[in-house]
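Structure, as structure tokens:
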Amino acid sequence: VQLQASGGGLVQAGGSLRLSCVTSGRTFSSDALGWFRQAPGKEREFVAAIRWSGGDTFYGDSAKGRFTISRDNVKNTAYLQMNSLKPEDTAVYYCATGAGDILTSEYEYAHWGQGTQVTVSS
């Protein structure tokens, strides 16, 4: 399984970005796609996840009400629409695929993309 994340960049506080994660080689063992982020000096944090089948979504506290995760099964692509961005959203955002029940845990994910930098200026 390969993942390619893109869409990061520099944006002012209050702005929006849409991240994309293109996957290839996905199998039944990659039932979900998750977004995580990691800021310098901090642990990796769960942002959002979605199941490819059914489309169930899950959000971390920092994402609720501002971010929306979606997927296009035909394109094997998942998206993270981020609105009302704050400086504290600055981080490298990673997408990953996995399967399991606890999709908020990075240990449920076996395959990771390379990450895309999101920088929010105040």
Side-chain angles (χ1 to χ4, degrees):
V1 179
Q2 294 184 328
L3 300 93
Q4 180 71 42
S6 63
L10 174 64
V11 64
Q12 289 187 332
S16 299
L17 282 174
R18 189 176 82 155
L19 306 183
S20 299
C21 180
V22 180
T23 70
S24 61
R26 187 164 53 88
T27 68
F28 69 92
S29 64
S30 302
D31 179 58
L33 184 132
W35 286 98
F36 289 77
R37 69 185 185 185
Q38 189 166 23
K42 295 188 177 181
E43 293 185 351
R44 191 171 296 181
E45 176 189 12
F46 170 74
V47 178
I50 188 167
R51 294 201 185 276
W52 289 106
S53 57
D56 294 343
T57 58
F58 309 85
Y59 292 96
D61 289 341
S62 62
K64 290 177 182 176
R66 298 188 299 129
F67 296 0
T68 302
I69 189 170
S70 61
R71 92 283 192 224
D72 184 327
N73 284 19
V74 175
K75 295 181 179 180
N76 287 323
T77 301
Y79 305 96
L80 185 68
Q81 178 66 43
M82 305 187 296
N83 298 327
S84 302
L85 284 163
K86 306 174 183 179
E88 50 264 44
D89 294 317
T90 296
V92 177
Y93 284 70
Y94 298 90
C95 58
T97 60
D101 295 328
I102 310 176
L103 295 180
T104 57
S105 170
E106 61 183 293
Y107 301 106
E108 295 287 336
Y109 297 86
H111 306 282
W112 293 78
Q114 86 290 356
T116 184
Q117 176 71 47
V118 171
T119 303
V120 184
S121 63
S122 57

Indicate if Y79 and I69 have the same hydrophobic cluster label, given that clusters are the connected sets of ILVMFWY residues with side-chain heavy-atom separations under 4.5 angstrom.
-> no
If only atom types and distance count, is the side chain of T119 paired as donor or acceptor with the main-chain N or O of T90 below 3.5 Å?
-> no
Write down the atom of I102, the atom of E108, and the distance for their closest heavy-atom approach.
-> O-CG, 2.8 Å
With L33 as partner, the option from L3, T77, L80 fulfilling side chain to side chain contact (heavy atoms under 4.5 Å, CB included) is L3
How long is the span from the OG1 atom in T104 to the CZ atom in F58, to the nearest 0.5 Å?
-> 9.0 Å
Just wondering, are more than 12 heavy atoms of other shown residues or ligands nearer than 6.0 Å to CD in Q2?
-> no
Is it the case that one hydrophobic cluster holds both Y94 and M82, taking links as side-chain heavy atoms less than 4.5 Å apart, direct or via other members?
-> no
Mind listing the side-chain donor-acceptor pairs of residues 35-55 below 3.5 Å, one per line with the distance, residues two or more places apart or on another chain?
unit_1	atom_1	unit_2	atom_2	d
R37	NE	E45	OE1	2.8
R37	NH1	D89	OD1	2.8
R37	NH1	Y93	OH	2.9
R37	NH2	E45	OE1	3.4
R37	NH2	S62	OG	3.3
Q38	NE2	K42	O	3.1
E45	OE2	S62	OG	3.2
R51	NH1	D31	OD2	3.0
R51	NH1	G100	O	3.3
R51	NH2	G100	O	2.8
S53	OG	D31	OD1	3.1

Return a table of donor-acceptor pairs under 3.5 angstrom between the side chains of residues 6-24 and protein atoms on other chains or two or more places apart.
unit_1	atom_1	unit_2	atom_2	d
S16	OG	N83	OD1	2.9
T23	OG1	N76	O	3.0

Y109 side chain to L103 backbone, donor-acceptor under 3.5 Å | yes
Q4 side chain to G113 main-chain N or O, any donor-acceptor pair under 3.5 Å?
-> no
